[in-house]
Enquirer: 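First the structure, which I've put down as structure tokens, then a few questions once you've had a look.
Bear in mind that the values here come from a model prediction, so they are computed numbers and not experimental data. We're numbering straight along the sequence, starting at 1. Just so you know, ligand 1 is whichever comes first in the structure, and atom 1 is the first atom listed for that ligand.
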Amino acid sequence: MSFDDLASELAVRKQQSLYRHRRTLETPQDPIVQVDGREYLAFCSNDYLGLANHPDVIRSFQKAANQYGVGGGASHLVNGHSKAHHDLEEALAEFTGRPRALLFSTGYMANLGAVNALLDKRDAVFEDRLNHASLLDAGLLSGARFQRYLHNDAESLESRLCKTEARRKLVVTDGVFSMDGDVADLLSISAECAKHDAWLMVDDAHGFGCLGHQGGGCAEHFAMKEDQIQVLIGTLGKGFGTAGAFVAGTEELIETLIQHARTYIYTTSMPPAVAAATLTSLKLLREETWRRDKLEALINQFRKGCESLGLELMDSPTPIQPIMVGESDKAIQISKGLEKEGIFISAIRPPTVPKGSARLRVTLSAAHSEAQVERLLSALEKVAC
Ligand SMILES: *Cc1c(COP(=O)(O)O)cnc(C)c1O
């Protein structure tokens with residue numbers, strides 16, 4: 001057996017309009033970016049609050065690099081756990097109102113680590129069918145009995161929960177769904193968990209910074225403590241504008257992760273300067289509530305504009321505002337048309353989203369202006385209508 005079929009597999013993928021290309025970004029994340037030598041107005045980053053290129057965040061990063069150097073140098077359990085990491089963990093625990101928080105190097109690793117530290121083949125895991133790939137992978141890798149329930153459907157979850165005799169039951173959901181932008185019905189889901197003695201894990205990668213008065217995400221929005229969301233995941237590469245992730249919960253949960261989460265134990269700690277920069281971005285995310293007000297205004301403006309153009313949006317109150325297209329080739333065609341107008345939005349295709357639901361994943365940021373959203377709407381009128 002050889003690998004001769006790689007080329008033909010790639011050719012098929014191209015034919016199906018599913019081939020993925022990387023573009024080279026030559027500037028920081030900002031509304032105006034330079035990509036492959038050309039300037040665009042971009043609506044596709046997850047830098048929802050405009051913090052990835054914030055001068056205070058950059059300054060903290062530089063100062064900490066002078067103090068700690070660049071590399072973490074070792075895993076947290078050897079000697080890579082710096083004071084910068086420790087201070088950020090304490091600040092995140094306080095921010096989320098949880099007893100403890102634990103840093104991971106990426107959200108993908110936080111999800112793999114948490115699920116696999118808690119579950120094995122004696123257990124059962126229940127996942128929303130539209131969960132992020134890292135959550136689905138985490139559940140499959142754990143060896144627990146893996147079941148998906150219908151999207152955001154507490155009844156569908158209940159019908160599965162009542163049939164299981166597993167030792168531990170873990171229900172796992174995105175807080176804000178990454179490709180649709182809708183918010184999980186966490187109060188109903190958590191009520192089912194309580195009824196069936198299951199734990200709830202919420203990955204709020206896209207909720208932090210966007211939802212809740214202080215940007216505390218779904219947990220703040222629904223006022224849910226660690227007795228309702230036992231495992232709370234936040235990622236730092238989106239609204240926080242930096243990199244990495246955290247898990248927040250009880251003392252026992254965090255100590256269990258330190259003992260057993262393989263993606264925590266067997267990897268180098270994130271650069272301490274990233275932790276120091278995140279401490280500053282956390283302060284901005286929390287205190288500068290105008291960023292959320294601005295986002296809300298832009299979301300309303302965009303939704304009203306699309307409605308009058310007759311474009312199909314999803315039921316999303318968040319900065320993730322996908323325009324549903326359907327077929328992959330059509331999504332690519334619109335994305336290319338927008339590029340000609342100087343607007344950068346990537347087409348999201350299967351397998352990232354279900355077949356036949358290719359879309360343009362428009363994301364808004366507090367750094368966008370009203371005039372820039374207007375420019376997007378005019379380009380959409382020209383290209384997509
Ligand atoms: C982006 C994302 C992740 C992965 O986080 P990284 O820090 O980028 O690895 C996990 N979960 C969800 C829901 C995400 O959108």
Side-chain angles (χ1 to χ4, degrees), residues 20 22 25 29 44-49 51-52 72 85 88 92 101-116 125 127-142 148 151-152 170-184 186 189 200-211 217-219 221 229 231-248 257 261-264 267-271 274-275 277-278 281-282 285 314 316 318-322 346 348 351-354 359 361-365:
R20 292 150 188 252
R22 299 173 309 165
L25 181 70
Q29 287 298 354
C44 46
S45 92
N46 299 314
D47 179 27
Y48 302 122
L49 300 181
L51 296 178
H85 297 122
L88 177 58
L92 288 168
L102 186 72
L103 287 176
F104 281 74
S105 297
T106 71
Y108 206 117
M109 290 168 68
N111 287 337
L112 284 191
V115 172
N116 283 275
V125 60
E127 301 221 14
D128 188 290
R129 60 182 294 274
L130 295 189
N131 273 354
H132 188 263
S134 59
L135 295 172
L136 300 171
D137 290 355
L140 289 167
L141 188 66
S142 70
R148 294 186 209 217
H151 177 53
N152 217 354
L170 183 68
V171 174
V172 178
T173 182
D174 281 21
V176 170
F177 287 88
S178 56
M179 293 300 138
D180 290 34
D182 55 337
V183 180
L186 292 180
I189 291 170
L200 177 58
M201 168 165 158
V202 175
D203 173 358
D204 208 14
H206 302 275
F208 278 104
C210 299
L211 298 178
C218 289
H221 177 75
I229 300 172
V231 186
L232 178 61
I233 310 279
T235 66
L236 303 174
K238 289 163 184 160
F240 284 89
T242 60
F246 64 90
V247 181
L257 298 184
R262 295 167 65 84
T263 57
Y264 183 76
T267 199
T268 302
S269 62
M270 68 163 69
V274 171
T278 306
S281 84
L282 170 60
L285 175 147
M314 306 190 74
S316 163
T318 68
I320 303 170
Q321 292 292 333
S346 62
I348 306 281
T352 306
V353 293
R359 64 199 69 177
R361 182 174 178 271
V362 174
T363 54
L364 298 166
S365 162

Enquirer: Just which atoms of ligand 1 are under 4.0 Å from any heavy atom in Asn111?
Expert: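 Going through ligand 1 atom by atom, the ones under 4.0 Å from Asn111 are 10 (C), 11 (N).
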Enquirer: Students should be able to answer this: which protein heavy-atom is nearest to atom 1 (C) of ligand 1, and at what distance?
Expert: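 Minimum-distance protein heavy atom for atom 1 (C) of ligand 1 reads Lys238 NZ, 1.4 Å.
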Enquirer: Evaluate the criterion side chain to side chain donor-acceptor pair (under 3.5 Å) for residue pair Asp180 and His151; output intermediate values, then yes/no.
Expert: CA-CA 11 Å; Asp180 290 34; His151 177 53; 4.7 Å; no
Enquirer: Would you kindly specify which portion of Leu236 sits under 4.0 Å from ligand 1, judged on non-hydrogen atoms: side chain, backbone, both or neither?
Expert: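 The answer is neither; Leu236 stays 4.0 Å or more away.
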Enquirer: Is there any N or O on Ala205 that sits under 3.5 Å from an N or O of ligand 1?
Expert: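 No; every N/O pair is 3.5 Å or more apart.
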Enquirer: For the 3.5 Å polar cut-off, considering only N or O atoms, please tell me whether Thr235 and ligand 1 meet it.
Expert: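 Among all N and O atoms of Thr235, none is under 3.5 Å from an N or O of ligand 1.
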Enquirer: Any atoms of ligand 1 less than 4.0 Å from a non-hydrogen atom of Ser134? List them with their elements.
Expert: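 Ligand 1 atoms under the 4.0 Å threshold to Ser134: 10 (C), 11 (N).
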Enquirer: Let's go through Leu136 and Glu127 carefully: what are the C-alpha distance in whole Å and the side-chain angles of both, what is the deciding distance for side-chain contact (heavy atoms from CB on, under 4.5 Å) to 0.1 Å, and is it a yes or a no?
Expert: CA-CA 7 Å; Leu136 300 171; Glu127 301 221 14; 3.5 Å; yes
Enquirer: Under 4.0 Å, heavy atoms only, figure out whether ligand 1 is touched by the backbone of Ser178, its side chain, both or neither.
Expert: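 For Ser178, the contact with ligand 1 is made by the side chain alone.
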Enquirer: Side-chain contact test, heavy atoms from C-beta onward, threshold under 4.5 Å: evaluate it for Cys218 versus Leu186 and give yes or no.
Expert: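 Yes. Closest side-chain heavy atoms under 4.5 Å.
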Enquirer: State, with a plain yes or no, whether a side-chain heavy atom of Phe246 is found less than 4.5 Å away from one of Leu236.
Expert: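 SC-SC contact between Phe246 and Leu236 confirmed.
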Enquirer: If the condition is side chain to side chain contact (heavy atoms under 4.5 Å, CB included), which residues does Ala101 pass it with, not counting sequence neighbours?
Expert: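 Residues passing side chain to side chain contact (heavy atoms under 4.5 Å, CB included) with Ala101: Leu92, Ala93, Ala248.
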Enquirer: Is it the case that Arg361 and Thr352 place a side-chain donor and acceptor less than 3.5 Å from each other?
Expert: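 No, no side-chain donor-acceptor contact under 3.5 Å.
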Enquirer: With respect to atom 4 (C) of ligand 1, which of Phe177, Tyr108, Phe240 exhibits the smallest heavy-atom separation?
Expert: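 Checking each option, the heavy atom nearest atom 4 (C) of ligand 1 is found in Tyr108.
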Enquirer: Among Leu135, Asp203, Asp204, which residue places a heavy atom closest to atom 10 (C) of ligand 1?
Expert: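 The nearest heavy atom belongs to Asp203.
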Enquirer: Mind checking whether Ile189 and Asn152 have side chains closer than 4.5 Å, heavy atoms only?
Expert: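 Side-chain contact under 4.5 Å: yes.
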Enquirer: Any atoms of ligand 1 less than 4.0 Å from a non-hydrogen atom of Asp174? List them with their elements.
Expert: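 Answer for ligand 1: 13 (C).
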Enquirer: Does ligand 1 have a heavy atom under 4.0 Å from the side chain of His206, from its backbone, from both, or from neither?
Expert: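 Near ligand 1, His206 shows its side chain, while the N, CA, C and O stay back.
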Enquirer: Among protein heavy atoms, which sits nearest to atom 7 (O) of ligand 1, and what does the distance come to when rounded to 0.1 Å?
Expert: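 Heavy-atom neighbour on the protein nearest atom 7 (O) of ligand 1: Gly107 N, 2.7 Å.
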Enquirer: So do Leu200 and Thr173 actually touch side chain to side chain, heavy atoms under 4.5 Å?
Expert: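 SC-SC contact between Thr173 and Leu200 confirmed.
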